[in-house]
Structures are given as C-alpha cells and as structure tokens.
2 protein chains.
Amino acid sequence: MTVTLADVAARAQVSPATVSRVLNGNYPVAASTRERVLRAVDELDYVLNGPASALAAATSDLVGILVNDIADPFFGIMAGAIQSEIGGPGGRAGGERLGVVCNTGGSPERELTYLTLLQRQRAAAVVLTGGAVEDAPHQAAMAAKLRKLADAGTRIVLCGRPPSPETGAIALTFDNRGGGKELTEHLIGLGHRRLGYIAGPEERTTTRHRLEGHRAALAAHGIEEDPRWTVHGRYDRRSGYEATLELLRRDPSLTAVVAANDSVALGACAALRDSGLRIPDDVSVAGFDDLPFSIDAVPALTTVRLPLAEAGARAGRIAMGREEPPPGGIATVRGELMVRGSSGAPRG
Amino acid sequence: MTVTLADVAARAQVSPATVSRVLNGNYPVAASTRERVLRAVDELDYVLNGPASALAAATSDLVGILVNDIADPFFGIMAGAIQSEIGGPGGRAGGERLGVVCNTGGSPERELTYLTLLQRQRAAAVVLTGGAVEDAPHQAAMAAKLRKLADAGTRIVLCGRPPSPETGAIALTFDNRGGGKELTEHLIGLGHRRLGYIAGPEERTTTRHRLEGHRAALAAHGIEEDPRWTVHGRYDRRSGYEATLELLRRDPSLTAVVAANDSVALGACAALRDSGLRIPDDVSVAGFDDLPFSIDAVPALTTVRLPLAEAGARAGRIAMGREEPPPGGIATVRGELMVRGSSGAPRG
DNA sequence: ACTTGGATAGAAAGCGCTTGCTGCAACGCT
DNA sequence: AGCGTTGCAGCAAGCGCTTTCTATCCAAGT
C-alpha cells in the first residue's frame, strides 16, 4: 500500500534503523549510506508517517496558534508572523514543524477544546494570542490546562495577552493600558473634554486595559467621566457604527470618540458621517492597533500602533526555543501613538 | 508518567479495548460499563494520545486549510468559515477534528511543503483556498501531490480556486472572469472609455481571470485597450498606491481605475487623493471582493462581492463529507456587483 | 601481532492505541 | 432440554516508527 520505512530500507539495502537515522540526522551515518538511503526515499517517493514517528519519539512537530478571530487582520498579522518563525515551510530545513492556527472565535469553550485537541496531538508548543476572557472559572480552567500542557513538555507562549502567573508561561504583553492612556492624553492635549469611549466586549483583558488607560488619562487631567460616555460592543465595525449612534444620542455634545480598535473606529467614522458630522472638525476619532487599512480612512486614523508582526515573530521564536525568553518570562511590548488626520482640536 | 488507556482500563476494571470503544463510540458497550469508564477517564483526567490512535487507526483528525495570506481578511474570512464547519470545537460532538490553517504566503514551495507536512500527518482532508500559481512545473508538482494525497484517502477541496481536472478534487470556483467583466461593464455604462487596470501578481489564476473579464468587457464594447493602462502589482494597498501613481504618470487622462482587489483599490484611492484628484468626480475607482472595510472607504467602494463565508462553509462541509459535492465535482460561485460611491460618470 | 576504541550498522523492544476474532453468558426458539 | 442467537467484553496482533543495546570493522596504540 503506502510506502513505509521498511520499504525504503529494503531498497537501500540497509536496516530500518539506518533509514530513520538518516531522516532524522541525529546519528552518524556514513556519507555513502546516507546517499543511498536518500536516493531510495526519492525513488519511492516516501513520506514519513507523522503519527507513527510522533508515537515512537513521544514528540510531535505540531505547534498550535490560538487566535480569537482569524478574519481580523489583528490576529492574521500575528499568526502569520508566528507561523513564519515556526519554520514549517520557509523556515530553515531540519526542524520542519507544522504551525497550525486555530480560531476560537473568542469563545472560552472553543479555546479550551482546542487546547485539549492540541494536548491530544502532543503539540510541541502553543502560542495564545490576543486578550483573554476574564471569567474566573474559565481562567482557572485555562490555567489548569496550560499547566498540564507545560508539564507534558509543551512550550507555552502568550502573545499580546497578559501573563498567567500560575502557569509559568512566557508572556509578551501589549501595553494596552499605556497606549490607551497616551491616546486619550493626546486628545485631551488637543483640548477635548467630553470624550466618548467605545469599549470592546466586557470581561476581556484587552477591553479592560484599554479602558483603564483611557480613564487614567481622564483622571490625570481632572476630567470627570460621565458614565454615559462609555458603551461596550464587539470588536468590529458594525458595533462601532451602532455604538457611535448610541453615544451621540446620549450626549450630542461629545467632541471626540475613542474606539477600542481600528475596525470599531472605522464604524464610528461612518456613523459620524452619516449623522452629518465632520471628522475631525466636529468630532475627533481615534482607534487602536494601527492595522494596515487605518491609514486609508478619510481622514487617516489617529491610533496606537502595536508591533504585531514583530511581537508575533518573537513569540514564534521563543516557542521554537530559538530565542531566549525575556527575563522573568514576561516582557511588555509598547505601542506607539500615531497622530493622523482623524484627530484635531475641538470646535470653538 | 502521563495517563494511558491502560491506566483508565485498570481503574475502570475493564480491558483497554473496552475503553477505546467507549471513547470512540463505534461499538456496543453496556451503559453501566460505559459510565464506569467515563468516570475513570474523568478522574484520571485522561487525554487520548492522538498520534498513537492515528497510527493504529490509520486515520487522523487533522484537516488542513491552505491560505495565501493569513493577514488578508479575504483568506481570514474563508478560513474562519471553513474551520467552523470542520467542527473542531464548536462543531457537534463526536468527530472532533482539528482544522489547521497554514499560511503559504503565496509561495509555491511553501504550498508544496505544507502539503507534504499534511500528507505526513495523514490529514483527513485538505482545503486549498484562493488563486493558484500558474507556473507549469509547479502546477504539475501540485497535481501529483494532490493526487497522492487523494489516493491516500485525504479528501481535497478547492475553495476559490480553479478546478484541477487531473486530481479529481472538488472545486468551488469563484467566477472572477464574470465578476471582472460585470464590473468593467458598469464603468463603461457610466461612460468611461479610458480605464486603468491594476492587476495582481502575474502567473496567478485570480489575476488572470479578473483581467480577462475586464478585457472582455472592453472588447465587447469596442474599446481598444492601451497596453499602458495595465500595471501589475501585489494584492496589497501599497502596491495599489504605487501602481496608481504609475498609471497616472503614463496617462493622466484616465477616468477610472479598476483594481485587482479592495486593498489595492484603497491604495489607489489614497494615491488619487494625494494627487489632488477627487473620487469619483475626477476618477472612478473599483475594487473586488467586497471585504468588510470596503464600505468604509470614502467614498464607499464599488466592488464585486464574493460570498467568502458561504463558500468557505460549504467547502468545509464538503471536506467533512457532510455535504454532497456539486455535480461533476465543480461549482462556480458568482460574485455580485456592488455599486457604491466610488464610481460615477466621468467628467465632461 | 594484539588490544583498544571510534565509527557505523543492525536487532529488537517498545510507543499507546485499534480492531478482528474469540469467549462466554443469558436469551429465545423448536 | 438442546441449540443457535444476541450482546458484551477481552485477547492479542499489529500500526510504522525510534532508540537502546549490541555487533562489526578497521585504524591506531603499544
């Protein structure tokens, strides 16, 4: 049926053990023998049986990448960067690993299930990207699962997610709080005093941190926040559109709208325009992440750039054991304020 | 060390065979026994060893999803839809499969390598999304690889990619040619006679088909095309920006720019604006795909909507054997012209 | 010339699971 | 009462690889 190691061995007139060693390159094999084996492999078009070798070697070459929403470039960019470092194809030869990205859709259950699936596959490493859900039971379950994975030898890396002290996982965290604060301070510096905030879904670390940064900026400048100025929604444009309309309804005198991310900001822009308001003359808008399309908004979006690709690449390297983890296993990745046309001084 | 089937069997006082059967649910087991086993599984926190079971059963629960660019929502949307149908988490219990998306970056070698990796893992199915590279040797290599995978029992589905007759793979193809034609006809109908075209990378089916549609429309209306009106580039905004500048340099009298996709169109819009031209008053712009952000361009982008999520979902179901393949194994998915603000009658 | 040791290659014992086949009650039939 | 069924459970033989341990060969050491 399918070609096996034994077939190759027979053809190359060596033992299966030798073929295995040639293929793994972890044991001295005479050059002439090696060549004979490789020729046989080629002639028979042999492909190693992954499951069998994983079973025997008790290690697999799978690396899992968990993302909240694969259709969102925020995750796509990170996943792409991680995967390209994982090696798989494109990486240097040798450790050819299969970087697989799994889309949780932001659902806690799916997150856990994927982790189990990866555990079942005995994944070599797992990278979790983006914010975490802040539900206590779920966090406990996650921590337990991660610990179990780690105990089984799976390397765990968090990319753009807060540290999980209990699990000892390496974490590259985005400084969402700092970025949010800086962004709002920029707006305050421009003269804004009544700022609406469109937050992401509740019970999410990213949502909370960005909002905290926003509020910290307000507090630092003695601006008392009106509870009506905050609306929660999803991380998509539609949600931004609706939330903006709601914000405008609650307080038409707002002079700025800060969005949880760029997609939401785009929706906000659309809603403002549809309401006959000009940006930034009537209302300033700010996003977060600086995804590629943000610069194409009209006017271009003021936002906080997160080095997604760089962070992803680093996370990938750490997951592969090709880069030293940061001291303490935790590193904070800062964002950079990008001031563009969507923010300006308020009227009057 | 780690818990094995045998441990569970011992604890439940049954044979390993029985545990396996309970877990797979493909053999009658007395209810009381089943319950005892499940309790033991739970108590020991047992997780099946994937490689071992794949080896023994000669089947795996991996399903590969190949995409050209994971950071591009075009692929992200399809991949998400496919993955959610693959089941994995979220799907109904039972056939819990791991849908893994692999990012080829549009590179032929990586595409092939991923296929080999999936073959090595004995993937249950593989879905290839998006356009194919039109290099003859590579196509032959791909066909051979796909055939081999198919022979090994892996189901192959092409989503948004032209059929590959040699391989007998199921194909859900986008009607890029038809969409391109319709789009350009819309522009011609508006009165445009000098249309620039920003094509995607050469040697790509998607690029060629869209361009052919564009040219067919021109030909059908007796418009002779100036070779200077076509520029090739990548499928990203940057490329669209540069190509537009080039187009303008070559022929400043163009009244419309048709882009290979929405991202490119966005770049085109930016270039036009930066050149002091208004859209659509001075120059009309059209994209392709209708990605979520297209409606947020200012003015909103005229484009062709491709039912990415629907097609992906269907491809996923077919890959899982949960839906009948289309008759003949090939289905054409049409796009829908979305006329919006970025296209209008030319000046004068 | 004889021992020693380095360099290769082979034999064989699993890795943890699945599954065809066998075993054995309890059951219903004539 | 005798016997074929039916329903469950266990035995044991692998699945295709890796890896430890052993065997062999030859160059070098004394």
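Proteins come first, then strands; the chains are lettered A, B, ... in the order of their sequence lines, and each starts at number 1.
Atom CG in A/Asn49 sits about 12 Å away from atom P in D/dC15, given to the nearest Å. Spacing between atom CD of A/Gln13 and atom P of C/dA9 amounts to 14 Å, rounded to whole angstrom units. The interatomic distance linking B/Asp7 (CG) with C/dG16 (P) rounds to 9 Å, in whole Å. The distance from atom CZ of A/Arg34 to atom P of C/dA7 is 14 Å, rounded to the nearest whole Å. Rounded to whole angstrom, the span from the CG atom of A/Leu55 across to the C1' atom of D/dG14 amounts to 12 Å. Residue B/Leu48 contributes atom CG, which lies 17 Å from atom P of C/dC15 at whole-angstrom precision. Between the C1' atom of C/dA11 and the CZ atom of A/Arg21 lies a distance of 10 Å, rounded to the nearest Å. D/dT20 atom P lies 12 Å from atom CG of A/Asn24, rounded to whole Å.
In the model, B/Lys145 has a side-chain atom that pairs as donor or acceptor with a side-chain atom of B/Gln119 under 3.5 Å. Side chains of B/Glu111 and B/His138: a donor-acceptor N/O pair is present below 3.5 angstrom, by distance only. With 3.5 Å as the limit, one finds a donor-acceptor pair spanning the side chains of B/Thr167 and B/Ser164.
Among the heavy atoms of the strands, none lies under 4.0 Å from A/Ala58. Contact annotation for B/Asn26: backbone-only contact, meaning every heavy-atom pair under 4.0 Å involves sugar-phosphate atoms and none involves a base. Counting non-hydrogen atoms under 4.0 angstrom, A/Val14 reaches the backbone sugars and phosphates but no base.
One N or O donor and one acceptor, one from the side chain of B/Tyr27 and one from the base of D/dA9, sit under 3.5 Å apart. A/Arg120 contributes no side-chain N or O that forms a donor-acceptor pair with the base of C/dG16 under 3.5 Å.
For B/Val29, taking side-chain heavy atoms from C-beta onward, the closest of the listed nucleotides D/dA9, D/dC11, C/dC17 is D/dA9. Of the candidate nucleotides C/dT18, C/dA12, D/dG16, C/dT18 has the atom nearest to the side chain of B/Leu5. Out of C/dA9, C/dT19, D/dG16, the shortest distance to the side chain of B/Ser20 is found at C/dT19.
When all heavy atoms of A/Ala40 and A/Ala12 are compared, the closest pair comes out as CB-CB, 3.9 Å.
Toward the 5' end of DNA chain D, the nearer of the two residues B/Ala57 and B/Ala17, judged by each one's closest nucleotide, is B/Ala17.
Using a 4.0 Å cut-off between charged side-chain N and carboxylate O, B/Glu85 and B/Arg314 make no salt bridge.
OP1 or OP2 of C/dG10 lies within a sub-4.0 Å distance of a side-chain N or O belonging to A/Thr18. Dashed line: the shortest gap from a side-chain N or O of B/Ser53 to OP1 or OP2 of C/dC17 is not under 4.0 Å.
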